[in-house]
Amino acid sequence: MSLKLYNTRTRSVEAFAPLDPPRVRIYVCGLTPSAQAHLGHARSFLFFDLLRRYLIHLGFAVTYVQNVTDIDDRSIEAAIATGTDWRAIVQSYYVSFKTSMKRLGVREPDREPFATQFVPQICATIARLIEGGYAYVARDGVYYDVRRFDGYGRLSNRKLDELEAGARVEVGEFKRDPLDFALWKFAKPGEPSWPSPWGDGRPGWHIECSSMSHEILDPEGRGFDIHGGGADLIFPHHENEIAQSEPLMAHPPMANVWVHGGLLLFDSRKMSKSLGNFEPLADLLDRYDPQAVRLLFLQTGYSKVMNFTEESAAAANTALRRLQASWRKMHAAAGGPPLAIGKPPAPAALLERVERALDDNMNTSLALSELYAWPVDSAALGRDRAALQAALGEFSYALDLLGLTPDSSWLEEPRAELPADFFDRLRIALRAAQGDAAARVELDGADAEEAIARVIAARMQARATKNWAESDRLRDALARCGVVLEDSKEGTTWTIAV
RNA sequence: GGCGACGUAGCCAAGUGGUAAGGCAGAGCUCUGCAAAAGCUCCAUUCGGCAGUUCGAAUCUGCCCGUCGCCUCCA
């Protein structure tokens, strides 16, 4: 068994083999922080985080690089429009993005290069392209001469002439060919700029990825293992990266395997900065458990177009709660251990099944179904503590492998926020209950938890005397305030209704 | 117009030649004073439509219908 991945470059599923085992070098196109990150970003980076986790699990020495394109036209436009410094805009979107990634449990990249920190190297790459005849200096910048590169269009399966037909040239550009793209843009007055041999300016989009991946992952020009990004980057971004990189390489291709994540639709429409039809990721993560968002994405094949709806997110949230409850139950039955997550010893039945699924081009949907089945299977172990602990250890490890890492919050019943008008509602509900004991429940001086505890205590008294009507009235009163009671042998617990 | 993806139960979704995983929702049962939670059981004779290939098709081929994406900044 071994990992197979769909390679956009060859348009086929291939056995994954590192160029220089056990090293695996991955470059993923990161964020351009000129607007709020959205759920589509989350889907993409969540997937590459998963791929990285799995490669590490398989024993590879992974170097994961994810860039930040911290200079582009849009952040400059935004700066001019709002009268702020472009750096402040970039910084604020970047910080927000990093916070969201952290909440989603996406691990930090091994390297996170910023375009503006690599300007000298970018200029060196441009100089080499000019020397080789692949680029030329025009009035408003330095351009890549697309006609000079034979392989142009191969990744995206496009023919130059067909592209030409639909191409547009923007006013004020001085390209030789409509498909030529900027490597360096000369600065207009007031725009941020860096010095270059051709004139002060800034890097064009695309060149930073060619230059930085070369510097960090592949200084010898022999290629690295995996290049990733969203499917919308195939053309023109990745096509252009290849055009910029491969003519300068000793041994192309630039990347052995190109992996692209499917786009996310929001209410059946494409999310994009220009359409503006998206909710900022940071806001969305306030409404949904980040692990539920991860679970939602695990349910769909990574390369498929996926439609986000509130309904699907809510369903994923319920599924996560059940998974957590199953884990919690196993944890209790096994009598611990605490949350340490370690690779289970072979033979590991669950892990083998999960591996079989992930090996098949990261079939997370299938892997998830194995996870759901595991607690049920493990129930057959009865009271064999050692066996239960082993099963739990394996379960935790497999969950963590998929990024659904059990943490201390998994040990506790989930507890949502009480409604803001909880006390008012409780008073009204208790008054409506009318019973003798209900009238005696004293709420003064109690916080919400204490108030609930007092109602539960009153109900326990009622139950002790088999006053079921009173008991049910008190339970219903709490239910009207969004508090659901659960009786068990250990006593009565409460949760907040979703 | 060129390139591409997709259409599987009420909803989401896996499965790419051997007789339909899983999740959510729903139903029944067990447990419970009654509930809730949990566990068990059930829930597509069928995979957009029509032809064809085959012993056998959701899977392959052709045509048709429908949805979406890329070709312009995008994860």
Side-chain angles (χ1 to χ4, degrees), chain A residues 8 11 13 28-32 34-35 37-48 66 69 72-74 77 153 156-159 161-170 179 205 228-237 239 260-265 268-275 278 281 295-296 298-301 303-309 311-323 325-326 328-329 357 360 363-373 375-376 379 413 463 466-469 471-472 475-476 479 484-489 492-495 497:
Chain A
T8 308
R11 279 186 274 284
V13 177
V28 172
C29 288
L31 190 75
T32 301
S34 56
H38 54 60
L39 237 206
H41 294 109
R43 185 188 185 196
S44 184
F45 298 127
L46 237 16
F47 170 69
F48 288 108
Q66 185 174 297
T69 302
D72 79 320
D73 293 354
R74 299 180 71 86
E77 285 165 18
S156 55
N157 192 28
R158 285 164 160 85
K159 294 184 181 64
D161 294 329
E162 285 163 0
L163 285 169
E164 199 94 328
R168 294 168 225 177
V169 189
E170 284 185 30
L179 293 175
W205 183 47
D232 52 346
L233 295 182
I234 296 173
F235 188 90
H237 185 56
E239 198 70 73
H260 291 99
L263 295 188
L264 185 78
L265 305 180
S268 302
R269 280 185 63 214
K270 191 203 148 138
M271 237 188 296
S272 77
K273 292 176 186 175
S274 55
L275 289 174
F278 65 87
L281 179 59
L295 183 67
L296 176 66
L298 288 171
Q299 289 179 141
T300 306
S303 62
K304 280 201 166 181
V305 174
M306 176 182 160
N307 188 24
F308 174 87
T309 63
E311 289 77 8
S312 61
N317 200 61
T318 306
L320 175 68
R321 297 283 166 255
R322 299 244 168 98
L323 203 55
S326 297
R328 193 160 48 241
K329 201 178 167 188
D360 183 14
N363 189 335
T364 52
S365 184
L366 195 57
L368 255 190
S369 70
E370 303 292 359
L371 251 45
Y372 288 119
V376 178
E413 296 285 338
R463 293 183 74 205
K466 295 197 191 301
N467 187 351
W468 307 124
S471 167
D472 290 348
R475 183 173 63 198
D476 292 346
V484 180
L485 297 187
E486 291 178 23
D487 297 328
S488 71
K489 291 182 186 71
T492 300
T493 59
W494 59 275
T495 55

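Below, chains carry the letters A, B, ... as their sequence lines are ordered, and counting in each starts from 1.
Within 4.0 Å of A:Q299, counting heavy atoms only, lie sugar-phosphate atoms of the nucleic acid but no base atom. Backbone-only engagement by A:G229 is indicated by non-hydrogen atom pairs under 4.0 Å involving sugar-phosphate atoms exclusively. Counting any heavy atom pair closer than 4.0 Å across all strands shown, A:V376 reaches sugar-phosphate atoms only and no base atom. Residue A:R43 is out of contact with every strand shown, counting any heavy-atom pair closer than 4.0 Å. Here A:I234 lies out of heavy-atom contact (under 4.0 Å) with every strand. A:G30 comes within 4.0 angstrom of sugar-phosphate atoms only, judged by non-hydrogen atoms across all strands, and of no base.
Rounded to an integer number of Å, the gap from CG of A:L366 to C1' of B:G23 is 13 Å. Put simply, CG on A:L323 is 15 Å from P on B:G22, counting in whole angstrom units. Per the geometry, CG belonging to A:D232 stands 10 Å off C1' belonging to B:G69, to the nearest Å. Atom CZ in A:F308 sits roughly 15 Å away from atom C1' in B:C11 (whole-Å rounding). When the P atom of B:C12 is taken as reference, atom CG of A:L368 falls 18 Å away, rounded to whole Å. In this entry the distance linking CG of A:D73 with C1' of B:C73 reads 9 Å, nearest Å. When rounded to the nearest whole Å, the span between CG of A:L31 and C1' of B:A75 equals 9 Å. Straight-line distance from the NE2 atom of A:H237 to the C1' atom of B:A75: 10 Å, rounded to whole Å.
Under the ring-ring contact (aromatic ring centres under 6.0 Å, His included) criterion, A:F48 pairs with no residue at all, not counting sequence neighbours. Considering only residues two or more places apart in sequence or on other chains, A:R475 meets the salt bridge (Lys or Arg N to Asp or Glu O under 4.0 Å) condition with A:D472. When the side chain to side chain contact (heavy atoms under 4.5 Å, CB included) test is applied to A:A315, no partner is found at least two apart in sequence or on another chain. Shown here are the salt bridge (Lys or Arg N to Asp or Glu O under 4.0 Å) partners of A:D73, two or more places apart in sequence or in another chain: A:K185, A:R202. In this structure A:T318 satisfies the side chain to side chain contact (heavy atoms under 4.5 Å, CB included) test together with A:R322, sequence neighbours excluded. A:R463 is linked by a side chain to side chain contact (heavy atoms under 4.5 Å, CB included) to A:R459, A:M460, A:W468, A:S471, A:D487, A:T492, counting only residues two or more places apart in sequence or in another chain. Under the side chain to side chain contact (heavy atoms under 4.5 Å, CB included) criterion, A:S365 pairs with A:N363, not counting sequence neighbours.
B:U8 and B:U67: their C1' atoms are spaced 15 Å apart (whole Å). Here, B:C34 and B:G48 have their P atoms 47 Å apart, quoted to the whole Å. Separating the C1' atom of B:U59 from that of B:C6 is a span of 15 Å, rounded to the nearest Å. For B:U61 and B:C73, the P atoms lie 35 Å apart once the distance is rounded to whole Å. To the nearest whole angstrom, the two C1' atoms, one in B:G26 and one in B:C12, are 15 Å apart. Separating the P atom of B:A5 from that of B:C11 is a span of 25 Å, rounded to the nearest Å. Taking atom P on both B:A44 and B:C55, the two are 31 Å apart, rounded to the nearest angstrom. The same atom, P, is picked in B:A37 and in B:G28; the two are 14 Å apart, to the nearest Å.
Side-chain atoms of A:S365 come within donor-acceptor range of the base of B:A21, with a qualifying N/O pair under 3.5 Å.
B:C42: Watson-Crick or G-U partner is B:G26, with both key distances under 3.5 Å. With a cut-off of 3.5 Å on both pairing distances, the Watson-Crick or G-U wobble partner of B:C6 is B:G66. Base pairing analysis places B:A14 opposite nothing; no Watson-Crick or G-U wobble pair with both distances below 3.5 Å involves it. The partner of B:C60 is B:G52, judged by Watson-Crick or G-U wobble contacts that both fall below 3.5 Å.
Comparing atom distances between the A:L263 side chain and each of B:C71, B:A13, B:G69 picks out B:G69 as nearest. Nearest to the side-chain atoms of A:R74 among the listed nucleotides B:G2, B:C73, B:A14 stands B:C73. Comparing B:A75, B:A14, B:C24 by their nearest atom to the side chain of A:A315 picks out B:C24. In this structure, the nucleotide among B:C24, B:A75, B:G2 sitting nearest to the side chain of A:R158 is B:G2.
Between A:N363 and the phosphate of B:G15, there is a side-chain N or O to OP1/OP2 separation shorter than 4.0 Å.
Judged purely by atom type and a 3.5 angstrom limit, A:T69 has no side-chain atom pairing as donor or acceptor with the backbone of A:T32. In this structure a side-chain-to-backbone donor-acceptor pair under 3.5 Å is missing from A:S44 to A:H41. Listed for the A:Q299 side chain is no donor-acceptor partner under 3.5 Å among the backbone atoms of A:A316. No donor-acceptor distance shorter than 3.5 angstrom exists from the side chain of A:R43 to the backbone of A:G230, with no hydrogens or angles considered.
RNA chain B is contacted by both A:S369 and A:L179; A:S369 maps to the nucleotide lying nearer its 5′ end (nearest heavy atom per residue). With the nearest nucleotide of RNA chain B identified for both A:A231 and A:A314, A:A314 has the one nearer the 5' end.
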Below 3.5 Å between N/O atoms, which protein atoms pair up with nucleotides 4-8 of chain B? Just atom names and distances, please.
unit_1	atom_1	unit_2	atom_2	d
B:G4	OP1	A:N157	ND2	3.2

Where protein sits on nucleotides 31-38 of chain B, one letter per nucleotide: B base, S sugar-phosphate only, - none, heavy atoms under 4.0 Å | --BBBBSS
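Looking at A:L368 and A:L295, their side chains come closer than 4.5 Å, going by heavy atoms from C-beta outward.
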